[in-house]
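For reference, the structure is listed below as structure tokens.
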Amino acid sequence: MSAAPTSDFLREAQERGFIHQITDAAALDARLKAGPVAAYIGFDCTADSLHVGHLLSIMLLRLFQRTGHRPVVLIGGGTTKVGDPSGKDEARRLLSEAEIEANKAGIRRTFDAFLDFGPGKALMLDNAEWLDSLLYIPFLRDIGRHFSVNRMLTMDSVRLRLERDQPLSFLEFNYMLLQAYDFLELYRRHGVILQMGGSDQWGNIIMGADLVRRLEGAEAFGLTTPLITTASGAKMGKTAAGAVWLNPERVSPYDYWQFWRNVDDADVGRFLALFTELPMAEVRRLAALRGAEVNEAKKVLATEATALRHGRAAAELAAETARRTFEQGETAETLPSVTLPAEMLAAGAPVAAVLVRAGLAKSNSEARRLVAQGGVRLNDAPVTDPTATLTAEMVAAGPVKLSVGRKRHVLVRAA
RNA sequence: GGAGGGGUGCCCGAGCGGCUAAAGGGGACGGACUGUAAAUCCGUUGGCGCACGCCUACGUUGGUUCGAAUCCAACCCCCUCCA
């Protein structure tokens, strides 16, 4: 990175660690200072919720809006119909029109928490709008002519595949063109001059920027974010239960808080900068904490990150629930809970079955195994008998805390 | 189109007629130690009211055998070389 950027957006983005590459940092910096700019990031719509893996992009768009610009969320409704073949072993199941619509709605709900979509503010668009009606011959003639196969072959995404003798379908080869075309459409329709995305999108992004430049004679820019891995090298956002989703129906605010509370020590500073909006001075102070004090930083990270997604109240509640559960050893009645039907309790509900019902074990076998290994506790008392049952009397006085391991707790309630 | 090679559990990867629910590693989970961290050590890791039992599982479908992930046939998919 050459001269330090002076626009609010680039300066803060750089300071917080969002930037990996920029096509023309100085020119972009100047444009951002001259007035509001529109920028977009593309998202798949293969699921009805985004997950923590998308959060970096979301936070970047949020920062973009906060610094006075217009973020555009581009949903790949059109490209999802084709199915992105990259990086997948098996062909992905094609989604129906209705599924795509449902997914878009879910994704929209996620974004509503992060961006202001009011009049003149952020936009959410679907590339199906222009891709669905695309005609092959005119597309080839008008757009395809501007793409040099020679150059496409030198792009990392293509070159690496070819070098490793991995197959590359024509469809996939074309993906680049479709992506570039999105940029062109967004420029024409909404004056978008900047595309952002993960570092793996660099090739696609510069193709798009070039296309806009050629056909419209306009300056267009690209910016990529670094690939975020955890200190232990894994792609972030995966836990035992799977992806850490951003929609509360999939991951509760409490579990979301716990996810951030449990990051590696080595990740806390970086994550505070990227996934919260605390002033950098505060981020640096927290990141400098050592030893057991790091826990303070993690709690701040968890609460701030949760507040951004689920609101301050839900975040505080999750923090308080955790404090009472972990630090006081109490049974906080705000923990996630399962309710057992009366007839199940009347007959004596096997602990194993309750574990499965509570989502703490995937099968009865696993539940029994957990008990056998001494990993299960009822109100903090270890369960040693694999055939133990929960009775109505046990739950009559109030919810019972069922725990697996040190960290997973669920309240069991009577219906 | 022709000739070879290959498809194994969450992933990688052994196995190549019975001793195989399938070595080993990774990951994940539980335990110990801690700070709801990392590292380390121990254990677990298909399902089923599971102690002996039963069911499902090694690309798909059939077949040979007392017995198949292992042999045969056809089919599907992938890779390599040739045209």
Side-chain angles (χ1 to χ4, degrees), chain A residues 85 87-92 161-169 172 229-244 254-272 286-303 305-306 318-330 332 335-336 344 347-377 380 382-390 401-410:
Chain A
K88 301 278 179 286
D89 311 344
E90 39 193 275
R92 197 157 60 196
R161 291 286 274 289
L162 296 180
E163 276 175 5
R164 291 181 320 174
D165 288 327
Q166 296 292 312
L168 177 77
S169 73
E172 191 169 3
T229 53
T230 64
S232 39
K235 216 180 247 181
M236 80 170 286
K238 294 283 201 283
T239 62
V244 178
Y254 171 81
D255 288 324
Y256 192 71
W257 194 93
Q258 283 295 321
F259 166 74
W260 294 105
R261 174 63 181 82
N262 283 297
V263 301
D264 283 2
D265 283 14
D267 289 328
V268 178
R270 206 162 39 117
F271 287 2
L272 278 165
L286 290 166
L289 296 176
R290 287 293 170 266
E293 289 190 317
V294 178
N295 286 329
E296 288 314 307
K298 288 185 189 177
K299 286 181 213 166
V300 173
L301 170 63
T303 300
T306 304
E320 175 60 13
T321 303
R323 192 188 66 77
R324 292 183 51 197
T325 303
F326 289 94
E327 294 174 29
Q328 312 286 103
E330 295 174 9
L335 279 169
M344 194 172 169
V351 169
V354 179
L355 283 166
V356 173
R357 208 184 169 88
L360 293 170
K362 286 201 275 299
S363 64
N364 283 345
S365 301
E366 182 178 314
R368 260 188 295 269
R369 229 177 277 136
L370 286 169
V371 172
Q373 291 182 121
V376 178
R377 281 158 295 132
D380 298 316
V383 177
T384 48
D385 177 7
T387 62
T389 57
L390 254 109
K401 182 170 69 175
L402 178 63
S403 312
V404 167
R406 230 58 290 159
K407 310 186 191 182
R408 298 150 72 201
H409 309 279
V410 171

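By convention in this document, chain letters (A, B, ...) are assigned in the order of the sequence lines, proteins followed by strands, and residues within each chain are numbered from 1.
- Across all non-hydrogen atoms, the minimal contact from A/Val354 to A/Ala349 is CG2-CB, 3.8 Å.
- Using a 4.0 Å heavy-atom distance criterion, A/Ala266 is classed as making no nucleic acid contact.
- A/Trp257 comes within contact range of at least one nucleobase, with a heavy-atom separation under 4.0 Å.
- Whole-Å rounding puts the A/Phe271 CZ to B/A38 P distance at 13 Å.
- When the P atom is compared between B/U61 and B/C66, the two are found 24 Å apart, to the nearest whole Å.
- Counting any heavy atom pair closer than 4.0 Å across all strands shown, A/Glu293 reaches no nucleic acid atom.
- Remark: A/Ala322 engages A/Trp257, A/Gln258, A/Phe326 in a side chain to side chain contact (heavy atoms under 4.5 Å, CB included) (not counting sequence neighbours).
- A donor-acceptor pair under 3.5 Å links the side-chain atoms of A/Lys401 to the main chain of A/Glu330, judged by distance alone.
- Close to B/U34, at under 4.0 Å from its OP1 or OP2, lies no side-chain N or O of A/Lys407.
- The interatomic distance linking A/Asp265 (CG) with B/U34 (C1') rounds to 11 Å, in whole Å.
- A/Arg369 comes within 4.0 angstrom of the backbone, heavy atoms only, and of no base.
- When rounded to the nearest whole Å, the span between NZ of A/Lys401 and C1' of B/U36 equals 13 Å.
- Rounded to an integer number of Å, the gap from A/Leu355 CG to B/U44 P is 20 Å.
- The nearest heavy atom of RNA chain B to A/Val376 and to A/Glu327 marks one nucleotide each, and the one closer to the 5' end goes with A/Val376.
- Separation of the C1' atoms belonging to B/G46 and B/C10 is 12 Å when rounded to the nearest angstrom.
- For B/G31, its base never sits under 3.5 Å from the side chain of A/Gln373 at any donor and acceptor pair.
- Residues that satisfy the side chain to side chain contact (heavy atoms under 4.5 Å, CB included) test with A/Ala388, not counting sequence neighbours, are A/Val351, A/Val383, A/Asp385.
- For B/G5 and B/G59, the C1' atoms lie 16 Å apart once the distance is rounded to whole Å.
- For A/Ala292, counting side-chain heavy atoms from C-beta on, the closest listed nucleotide (B/A38, B/U36, B/G35) is B/G35.
- The salt bridge (Lys or Arg N to Asp or Glu O under 4.0 Å) analysis of residues 288-298 of chain A, with sequence neighbours excluded, yields the pairs A/Asp265-A/Lys298, A/Glu296-A/Lys299.
- A/Gly269 and A/Ala287 make their closest contact through CA-CB, 3.6 Å (heavy atoms, listed as atom of the first residue, atom of the second, distance).
- Looking at A/Asn364, its side chain has no donor and acceptor atom pair within 3.5 Å of the base of B/G49.
- The minimum heavy-atom distance between A/Leu272 and A/Leu286, with the atom names listed, is CD1-CB, 3.7 Å.
- With sequence neighbours excluded, the residues satisfying side chain to side chain contact (heavy atoms under 4.5 Å, CB included) with A/Val410 are A/Val338, A/Ala358, A/Leu360.
- Comparing B/A14 with B/G7, their C1' atoms are spaced 15 Å from each other, to the whole Å.
- The CZ-C1' distance, from A/Phe326 to B/U34, rounds to 15 Å in whole Å.
- Which of B/A37, B/U36, B/G30 sits closest to the side chain of A/Leu370 comes down to B/G30.
- Taking atom CD on A/Glu296 and atom C1' on B/U36, their separation rounds to 13 Å, with Å as the unit.
- Taking for each of A/Gly405 and A/Ser365 the nucleotide of RNA chain B with the nearest heavy atom, the 5'-most of the two is the partner of A/Gly405.
- Of the C1' atoms belonging to B/C77 and B/G17, the separation is 27 Å, rounded to the nearest Å.
- For the side chain to side chain contact (heavy atoms under 4.5 Å, CB included) test, residues two or more places apart in sequence or in another chain that qualify with A/Ser365 are A/Ser363, A/Arg368, A/Arg369.
- Between A/Arg406 and the phosphate of B/A32, there is a side-chain N or O to OP1/OP2 separation shorter than 4.0 Å.
- In terms of phosphate contacts, A/Arg261 brings no side-chain nitrogen or oxygen within less than 4.0 Å of OP1 or OP2 of B/A37.
- Closest of all the heavy-atom pairs between A/Met344 and A/Ala353 is CE-CB, 4.2 Å.
- Protein atom CZ of A/Phe259 is 13 Å distant from nucleotide atom P of B/A28, rounded to whole Å.
- A donor N or O paired with an acceptor N or O is not found under 3.5 Å between the base of B/U44 and the side-chain atoms of A/Glu366.
- Using a 4.0 Å heavy-atom distance criterion, A/Val268 is classed as making no nucleic acid contact.
- Rounded to an integer number of Å, the gap from A/Tyr254 OH to B/U36 P is 13 Å.
- Atom name P, nucleotides B/G4 and B/C48: the rounded distance is 46 Å, in whole Å.
- The gap from the P atom of B/C11 to that of B/G1 amounts to 31 Å, rounded to the nearest Å.
- Comparing B/U8 with B/C16, their C1' atoms sit 12 Å apart, to the nearest whole Å.
- Paired runs in RNA chain B that reach 3 or more consecutive Watson-Crick or G-U pairs, where each pair keeps both distances under 3.5 Å, cover B:1-7 with B:76-82, B:10-12 with B:24-26, B:27-32 with B:40-45, B:46-48 with B:53-55, B:59-63 with B:71-75.
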